[in-house]
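One structure is given here, and the rest of the page talks about it.
In this text the structure is predicted, and so the values were computed from the model without any measurement.
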Amino acid sequence: MKSTINEVKHHVGESVTIGCWLNKKRSSGKIQFLQLRDGSGYIQGVVVKSDVSEEAWEAASKLTQESSLYVTGTVKEDTRSKGGFELDVTGVEIIQLTEEYPITPKEHGVDFLMDNRHLWIRSPRQRAVLVIRAQIIQAVQQFFNERGFQLVDPPILTPSSCEGTTNLFHTKYFDEDAFLTQSGQLYMEAAAMALGRVYSFGPTFRAEKSKTRRHLIEFWMIEPEMAFVNHEENLEVQEQFVSHIVQTVLANCKAELETLERDTSKLEKIQGRFPRITYDEAVDFLQKNGHEFAWGEDFGAPHETAIAAQYETPVFITHWPTEIKAFYMKPDPSRPEVVLCADMIAPEGYGEIIGGSQRIDDPELMEQRFQEHSLSKEAYQWYLDLRKYGTVPHSGFGLGLERTVAWICGLDHVRETIPFPRLLYRLYP
């Protein structure tokens with residue numbers, strides 16, 4: 001019968017056939033050890049010359065790295081193997097013999113590996129990252145589905161930008177100007193007024209000419225919006241959300257985290273209530289610890305890292321200056337120079353993974369913000385309508401998928417967190 005590697009546990013003592021690739025091979029005289037992969041996992045196939053036909057032995061002998069094959073054998077338990085099972089091979093059918101596979105066990109430079117990204121993702125480490133990414137996506141969907149959120153898909157092409165167009169990709173929409181979206185948030189606010197609690201999950205684009213380890217040109221965002229939810233309630237949803245993601249990965253991706261040599265003891269602490277500090281407190285901390293920093297400036301990576309180093313879980317930085325945050329954020333009624341918002345900073349130097357706020361619900365104040373920021377009423381009259389027809393208190397946030405993957409996996413660079421990264425000067429493969 002046919003099986004996948006991750007399903008062999010159901011066929012102990014039975015003969016199965018697996019379509020797979022050869023990861024690597026070693027030989028000990030009259031025994032060949034085949035390290036096989038099929039995408040679902042890894043298993044060792046043991047070929048004993050005296051137990052197989054001459055044709056099967058010769059076929060196994062010919063196999064090269066990344067050759068494709070069908071292997072048939074009996075499944076047996078093996079506590080010494082990582083997967084817990086092994087295959088006593090009885091037959092080998094070669095599909096294709098690979099010649100001169102470019103990614104060998106030796107060290108390769110980053111540029112070479114990125115040029116061969118379509119092949120690099122086959123490696124155990126890159127596979128582990130992509131499996132964890134997929135698990136995070138499942139955890140996201142589970143969290144929101146279980147809490148009554150509806151998935152809504154905002155447009156990728158937009159007529160303008162809510163935060164300026166300098167960092168957006170411009171295109172022509174027939175005879176009109178259009179831009180690739182940098183956020184679906186404004187559209188999700190409209191959806192929340194119809195459905196109550198909603199979330200989107202889709203690609204977003206930033207045309208920043210940045211080459212830091214935290215930035216991609218194309219990345220994926222999860223953006224919930226919630227009607228009748230205030231700032232503090234918004235923070236509670238965020239900490240529950242991130243805790244759920246981390247604990248789900250810990251429960252379901254033990255082998256992949258082990259492949260990445262991730263220190264899971266740090267992830268096990270990610271649950272419960274996260275600490276909260278105000279922007280004022282963060283500035284005071286930085287100034288007292290050797291950072292030249294003035295109130296009203298935005299934090300850079302060194303500042304975020306210094307603040308996060310004081311905590312073992314993510315930390316919220318709340319109540320940022322109104323002047324450096326987006327036009328739609330609601331001012332604190334008791335102190336209008338700051339807004340009811342928060343950035344969630346991940347531990348271990350991974351920076352901001354969530355930005356969120358309570359949104360302005362006052363029609364007059366929103367009109368005023370449009371004027372102050374020179375925003376196009378023609379392009380976004382529909383957004384003003386949300387405050388005109390049944391306005392309510394509401395809040396939301398956005399989580400960057402790739403930064404979250406980088407943190408949970410313990411990666412040095414965000415380029416490994418997405419199958420085919422789009423970076424400054426890199427559009428291939």
Would [X] and [Y] count as having a side-chain donor-acceptor pair, cut-off 3.5 Å?
{"X": "Q65", "Y": "T104", "answer": "no"}
{"X": "E225", "Y": "H394", "answer": "no"}
{"X": "Q138", "Y": "Q142", "answer": "no"}
{"X": "D280", "Y": "W295", "answer": "yes"}
{"X": "Q185", "Y": "E189", "answer": "yes"}
{"X": "T204", "Y": "R206", "answer": "no"}

Point to revise | Ring centers of F144, F241 separated by less than 6.0 Å | key: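 Close enough - the centres of the two rings lie under 6.0 Å apart.
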Review point. Using the benzene-type ring in the case of Trp, are the ring centres of F299 and F293 under 6.0 Å apart?
Key: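 Centroid separation for F299 and F293: below 6.0 Å.
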Exercise for review: Apply the test salt bridge (charged side-chain N to carboxylate O under 4.0 Å, His left out) to residues R273 and E232: give CA-CA distance (whole Å), side-chain angles for both, the deciding distance (0.1 Å), then the verdict.
Suggested key: CA-CA 12 Å; R273 186 177 172 88; E232 180 58 36; 3.8 Å; yes
Revision key, fill the gap. When every non-hydrogen atom of G355 is compared with those of D343, the smallest separation belongs to CA-OD1, 3.8 Å
Revision key, fill the gap. Scanning both residues in full, the closest heavy-atom pair of P393 with Q358 reads CB-NE2, 4.1 Å
Review point. Between K172 and D177, is there a side-chain N and carboxylate O pair less than 4.0 Å apart?
Key: yes
Exercise for review: Would you mind checking if R262 and E268 are paired as a salt bridge, meaning a charged N to carboxylate O distance below 4.0 Å?
Suggested key: no
Check your understanding: Does Y187 have any ring-ring contact (aromatic ring centres under 6.0 Å, His included) partners at least two apart in sequence or in another chain, and if so, which?
Key ->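 Y187 satisfies ring-ring contact (aromatic ring centres under 6.0 Å, His included) with W382 only.
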